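Just below is one structure, and these are the notes that go with it.
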There are 2 protein chains.
Amino acid sequence: MKAKSRQKTRTNSKGRKKSRAADEDGISLYKRIKLEVTRTLSSGDISPNDPLPTEKQLAAHYNVSIGTVRRAMDDLVAEHIVVRQQGRGTFLAALSPERMLNRFWPMFRQDGVRVIPIVQTLSFEEGRADAETAEALGLRKGDPIYRIVNLLLMGGNPVILDEINLSKKLYFGLREEHLVARETTMYGFYQSHFGINVFRVLDRLHAASANQWRAERLGVPLNSPLLSVIRIAYAFGNRPVEFRKSFLSTDAYEYRNAIGGEIRVD
Amino acid sequence: MKAKSRQKTRTNSKGRKKSRAADEDGISLYKRIKLEVTRTLSSGDISPNDPLPTEKQLAAHYNVSIGTVRRAMDDLVAEHIVVRQQGRGTFLAALSPERMLNRFWPMFRQDGVRVIPIVQTLSFEEGRADAETAEALGLRKGDPIYRIVNLLLMGGNPVILDEINLSKKLYFGLREEHLVARETTMYGFYQSHFGINVFRVLDRLHAASANQWRAERLGVPLNSPLLSVIRIAYAFGNRPVEFRKSFLSTDAYEYRNAIGGEIRVD
DNA sequence: TTCGATTTGTTCGTATGTATT
DNA sequence: TAATACATACGAACAAATCGA
């Protein structure tokens, strides 16, 4: 006497009617849910740190079982898009200041210790996108942008020089006061003030030499070797939302990168 | 008439006896299985590309349900330790030459194209571990090692100079002929000849200047900026199995690093 | 502070779909 | 074609964390 026997399609107690595995579109249910939820999140309606619908609600809404919702959420958790907390709910992956920092700033002291940088904004100006910036941000050359130069000090010494380019359209109304006043990382700032959630960055690393201007600000000799990091930051949906060129003095600090399993056995 | 109602412990039809969620050790079943399987894999008994026990077998062996085995395997798949193929089985994550390359060599041409390097072995010698190498490989200073210097050419030009240090004990019997004859990456070579599966590397990046020796081999001017990559490669169980110092000429190629979701929606 | 409701976490089990051999 | 092995989906029961009354 096992439950109800099932055919390829059936109608269950809630009026659900589905062919199992492989939907009309040939895409599985949990993947569809994954997409739908991602779309919802990228729309920016859900501010981080307030919860998504509960699993039960999602199951009801999409007319699937809780297990299927969990399968979708498992994926989103693995992709660091949402986090779950037993007893509380499921949240847009955030963005506590130091989680943000830990996640997107792979800078360590030589001995492996992570150091929180202190940020000085050296300049803030409006300008127009050059070819490189336009390409990176998906703009047209000459489109209006904000350009910010930050100096990051670690352990009291200047270590990183950041040249940040933002589309004016995306960050309309940004002013220098906001930057000095902010109590968080740039990415946390984008999120809290503009609803822009950076969840992925792509870094391109080169060896470079310090020119006069950079040498002065980083306090190193002219032509010292610097690590150049060209970064594009993406929000959900692979929307580029920041183009950044950084120059790092790697005498006392280094850029670390782990490839492969992260060995969380918890 | 729903199944059998359950108490906190019970004995099922197969004689299984278990308290639900949170085992004796306070660790969940699927995590225990994850660990056990990982241990089995790291012992090197299972050569890559032959299958692990099937889910059914594992379930029987560990006396748990298939769902629990799948939960454990899901994690191992997410961590790139195993791969599953519908209809075939589950395999130790491998390591086709170009998967290996794609996975652990984040070098791209400026335009984003990946280039397969050609490897020249410049030298092969036995030596003794200096402090740095010993530390990295978990050896004592003075322990015997092999030291290999490789020059990697991309697009016909020398781009990377690799100085590789291997514990002699781990790779006992290694000879230069093996290296020249090999038809794969170094990591593939470690695996096929020594049963050592690299599944994770940690890179530390610095800006450096080309000294005389390196400048000559890389065909760049003295004191040119080079990207220095100090790498430790780990096998299962976090066993360090290779210590490598690389110097990259980044005029035409770059080191790329993606942080955050990889956006596989499949 | 206690307690109960809510929400996710873990485990089990079943049925069926689909790819491989 | 049949057997095998993983993939998807449903649903139930209980554990554990959280939060508010």
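Computed from a predicted structure; not experimentally measured. Letters A, B, ... mirror the listed sequences (proteins, then strands); counts begin at 1.
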Mind checking salt bridge (Lys or Arg N to Asp or Glu O under 4.0 Å) for B:Arg204 and listing every partner two or more places apart, or none if nothing turns up? A:Glu254
Would you please name every residue forming a ring pair (Phe, Tyr, Trp, His ring centres under 6.0 Å) with B:Tyr190, sequence neighbours left out? B:Tyr171, B:Tyr187
Can you tell me how far P of C:dT16 sits from CG of A:Leu29, to the nearest Å? 17 Å
Identify, between A:Thr68 and A:Gln86, the residue whose nearest nucleotide on DNA chain D lies closer to the 5' end. A:Thr68
For nucleotides 19-21 of chain D, list the nitrogen or oxygen atoms of the protein found under 3.5 Å from its nitrogen or oxygen atoms, one pair per line.
{"unit_1": "D:dC19", "atom_1": "OP1", "unit_2": "A:Arg88", "atom_2": "NH1", "d": "3.2"}

What is the distance, to the nearest angstrom, from the CZ atom on B:Arg70 to the P atom on D:dA9? 12 Å
Name the nucleic acid region contacted by B:Gly67, choosing base, sugar-phosphate or nothing; use a 4.0 angstrom heavy-atom cut-off, strictly under. nothing
With distance as the sole criterion, is a donor-acceptor pair present between the side chains of B:Asn257 and A:Tyr255 under 3.5 Å? yes
Are B:Arg109 and B:Tyr253 in a cation-pi contact, defined as NZ or CZ under 6.0 Å from the six-membered ring centre and within 45° of the axis? no
Over 60° means perpendicular and under 30° means parallel, so classify the ring planes of A:Phe189 and A:His178, tilted if in between. tilted
Give the rounded distance in Å between these two atoms: CZ of A:Arg32 and P of D:dA7. 20 Å
Figure out the CD/P separation between B:Gln85 and C:dT20, and round it to whole Å. 7 Å
Between CZ of A:Phe91 and P of D:dT18 the distance, given in whole Å, is 11 Å
Separation of B:Ile66 atom CD1 from D:dA7 atom P, in whole Å? 12 Å
Mind calculating the distance between CD1 (A:Ile27) and C1' (D:dA7) to the nearest angstrom? 14 Å
Please determine if a side-chain N or O atom of A:Thr54 lies less than 4.0 Å away from the OP1 or OP2 oxygen of C:dT6. no
Establish, with yes or no, whether the OP1 or OP2 oxygen of C:dT11 is under 4.0 angstrom from a side-chain nitrogen or oxygen of B:Arg71. no
Are any of B:Arg84's side-chain N or O atoms less than 4.0 Å away from OP1 or OP2 of D:dA7? yes
Looking only at side-chain N and O atoms, does B:Tyr30 offer a donor or acceptor that is under 3.5 Å from a partner on B:Asp74? no
For B:Asn63 and C:dG13, give me the distance from atom CG to atom P, rounded to whole Å. 9 Å
Tell me whether the NZ or CZ atom of B:Arg231 lies within the 45° cone about the ring axis of B:Trp105 and under 6.0 Å from its centre. yes
Measure from the side chain of B:Tyr30, starting at C-beta and using heavy atoms only, and say which of D:dT8, D:dC10, C:dT10 lies closest. C:dT10
